[in-house]
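Here's the structure, in structure tokens; my notes come after.
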Amino acid sequence: MTLRTRFAPSPTGFLHIGGARTALFCHLHARHNRGQWLLRVEDTDRERSSEEAVAVIIEGLRWLGLVADEGPYFQSRRTARHLEVAHQLLDAGKAYRCYCTKEELDGMREEQRARHEKPRYDGRCRRRQDPPPPGRPAVIRFITPQGGDLHFSDRIQGDIRYPNDELDDLILVRSDGSPTYNLAVVVDDHDMGINFVVRGEDHLSNTPRQIHLFQALGWEVPVYAHMPLLHGADGAKLSKRHGAVSVLHYRDAGFLPEAVNNYLVRLGWSHKDQEVFTMEEMIRLFEIGEVGRSAAIFDLAKLEWLNGQHLRAASPERLAPLLVEALQRQGIANPDPGLAKAVLPQFVERAKTLVEMAEKARFYFLEAHPEFDPAAAAKHLTPPMAPPLQELRALLADADPWDVTTVEAHFRTVLERHHLKTGQLAQPVRVALTGGTVSPGIFEVLHCLGRETSLARLDKAIAFLSRPG
RNA sequence: GUCCCGUUCGUCUAGUGGCCUAGGACACCGGCCUUUCACGUCGGCAACACGGGUUCGAUUCCCGUACGGGACGCCA
């Protein structure tokens with residue numbers, strides 16, 4: 001039997017890093033086993049679901065490269081089928097109408113809490129003999145088996161044993177006639193041939209009741225794998241402060257999707273001492289049964305390191321357009337794509353994100369001269385540097401060809417004549433060309449900047465350090 | 001409150017009774033490399049929550065406690 005699983009987000013917000021991790025694990029599990037996975041949007045809560053959220057979730061998955069075999073299916077379009085099943089249960093005497101009001105239910109829960117009991121519906125309408133109150137809307141509740149334990153073997157969590165008496169009669173259909181989540185998942189998972197469910201641990205306690213539903217319907221129960229949750233830096237639930245932002249935020253922050261996937265897979269799973277994985281490796285090596293059971297905390301520093309690793313593994317062809325984009329967002333109107341590609345190797349080891357890369361490479365793309373960092377200029381653009389800089393400028397003007405080797409040769413000539421150490425000239429030149437004290441190797445910078453721009457910037461620096469006063 | 005789940009360096013993790021004076025990675029600190037910054041490299045700091053068992057022997061098995069998380073909705 002081929003494995004069929006699904007990723008089933010509810011479109012009440014964006015796809016955050018935790019949801020992305022669930023989607024990734026679904027994808028890996030399906031691909032590893034040559035199975036399929038489908039995307040199902042669980043939008044039975046019409047109040048809170050939105051179309052933008054759907055679009056953003058799909059875009060997030062697309063960016064991560066997690067492409068489903070089927071879907072997206074929309075749960076809200078399957079209402080008729082859900083209700084059909086509810087009535088089937090009703091007809092079979094496995095469900096009943098409940099006329100309890102909100103107030104009644106609230107009162108019941110309050111009393112139970114006061115008695116230190118778990119708040120749950122006591123099933124009073126199940127035993128109702130008298131005719132229903134006329135005109136009062138009813139919900140349909142499922143008759144949960146009483147007594148005994150329900151146990152199932154979770155592929156991640158292990159054997160779970162759950163006393164049936166902890167469960168109450170869950171609502172299948174709301175008083176407005178709409179099906180609830182627990183009904184919809186069971187029906188959809190069955191109808192869509194899902195035989196394996198990967199989802200967050202927050203669904204663990206829903207599982208026993210869903211299994212009861214499957215059994216009442218005479219349907220085969222899927223295998224479950226409940227993933228440990230992701231926590232923020234303070235150990236609490238993920239919030240906007242620490243990571244629960246849209247995955248697309250990471251795209252805009254200059255992260256590569258493969259780095260995000262790599263980071264996410266290592267949260268709860270490992271393979272020997274390997275840290276860096278390609279998607280192919282993840283698919284080949286990933287075993288859902290090896291996933292750990294404890295929650296993990298999101299650590300941006302490690303994501304950044306991994307991003308650096310993947311940045312280095314990526315080709316300049318792939319990265320150049322991304323760098324151009326990042327530069328544009330930093331106000332560079334028309335970054336030269338050719339220059340971006342040429343210059344990329346110089347930054348790939350110096351930046352952890354594309355955004356950082358763009359900041360560092362910015363000086364290459366400036367139309368005007370870079371502004372001298374005041375501290376850098378004060379330290380390196382000093383009057384005594386005028387003669388060597390002028391001499392360098394003169395030699396460079398005639399350098400032929402304009403390449404790294406020639407440029408370096410002229411540079412060394414100046415060094416010798418003025419008895420300077422490399423750094424003594426390199427730093428002033430660096431400030432002249434880039435505005436600051438940090439950049440790739442100075443000969444590469446000269447070369448890639450080109451003769452015209454290099455000379456102009458040197459002139460500007462010479463004028464600056466020769467200024468009166 | 002009740003039920004379920006979890007607990008190895010700051011963080012992600014390895015570890016399935018002796019190989020553990022607990023391994024790797026990120027972060028951090030220091031050396032080397034060096035034209036700056038990085039990269040690289042070498043080294044350092046740093047953990048089995050606690051208490052009982054079981055056993056010749058527990059990080060590994062059992063029980064309890066503490067702490068953390070999840071669930072308890074006409075949300076998903």
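Chain letters run A, B, ... following the sequence lines, proteins first and then strands; every chain starts at 1. No experiment lies behind these values; they were computed from the predicted model shown.
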Exercise. What nucleotide, of B/C74, B/G24, B/U35, holds the atom closest to the side chain of A/R266?
Worked result: B/G24
Exercise. Taking N and O atoms by type only, does the side chain of A/R430 place a donor or acceptor under 3.5 Å from a partner on the base of B/U35?
Worked result: yes
For this session: Determine the contact category for A/I442: base if any of its heavy atoms lies under 4.0 Å from a base atom, sugar-phosphate if only primed atoms, P, OP1 or OP2 are that close, otherwise nothing.
Result: base
For this session: Could you tell me whether A/S270 contacts a base, only the sugar-phosphate backbone, or nothing, with contacts defined as non-hydrogen atoms closer than 4.0 Å?
Result: sugar-phosphate
For this session: Would you classify A/P228 as touching base, sugar-phosphate or nothing, given that sugar-phosphate means primed atoms plus P, OP1 and OP2, and contacts are heavy atoms under 4.0 Å?
Result: nothing
For this session: For A/T44, answer base if it contacts any base atom (sugar-phosphate contacts may also be present), sugar-phosphate if it contacts only those atoms, and nothing otherwise; contact means non-hydrogen atoms under 4.0 Å.
Result: sugar-phosphate
For this session: Verify the stacking flag for A/H231 against B/G69: centroid separation must be under 5.5 angstrom and the ring planes must differ by under 30 degrees.
Result: no
For this session: Under 4.0 Å between any heavy atoms, over every strand shown, what does A/G441 touch: base, sugar-phosphate, or nothing? Just pick one.
Result: base
Exercise. Any N or O donor-acceptor pair linking the side chain of A/E349 to the base of B/G40 at under 3.5 Å?
Worked result: no
For this session: Remember a base hit wins even if backbone is also touched, and classify A/R293 as base, sugar-phosphate or nothing at under 4.0 Å, heavy atoms.
Result: sugar-phosphate
For this session: Looking at every strand, decide which applies to A/H226 at a 4.0 Å heavy-atom threshold: base, sugar-phosphate, or nothing.
Result: nothing
Exercise. Base, sugar-phosphate, or nothing: which does A/F411 touch, judged by heavy atoms less than 4.0 Å apart?
Worked result: nothing
For this session: Name the nucleic acid region contacted by A/E166, choosing base, sugar-phosphate or nothing; use a 4.0 angstrom heavy-atom cut-off, strictly under.
Result: sugar-phosphate
For this session: Pick base, sugar-phosphate or nothing for A/N206, based on heavy-atom distances below 4.0 Å to the nucleic acid.
Result: base
Exercise. Under 3.5 Å, is there a donor-acceptor pair between the side chain of A/R40 and the main chain of A/A8?
Worked result: no
Problem set entry | Partner of A/P9 under side chain to side chain contact (heavy atoms under 4.5 Å, CB included), chosen from A/T22, A/L39, A/V54, A/D43 | A/L39
Problem set entry | Set of residues satisfying ring-ring contact (aromatic ring centres under 6.0 Å, His included) with respect to A/F372, sequence neighbours excluded | A/F464
Exercise. Is A/R109 near enough to B/C74 that one of its side-chain N or O atoms lies under 4.0 angstrom from OP1 or OP2?
Worked result: yes
For this session: Look at the side-chain N and O atoms of A/R312 and state whether any lies under 4.0 Å from the OP1 or OP2 oxygen of B/G40.
Result: yes
Exercise. Across the strands shown, which category fits A/S294 at heavy-atom distances under 4.0 angstrom: base, sugar-phosphate, nothing?
Worked result: sugar-phosphate
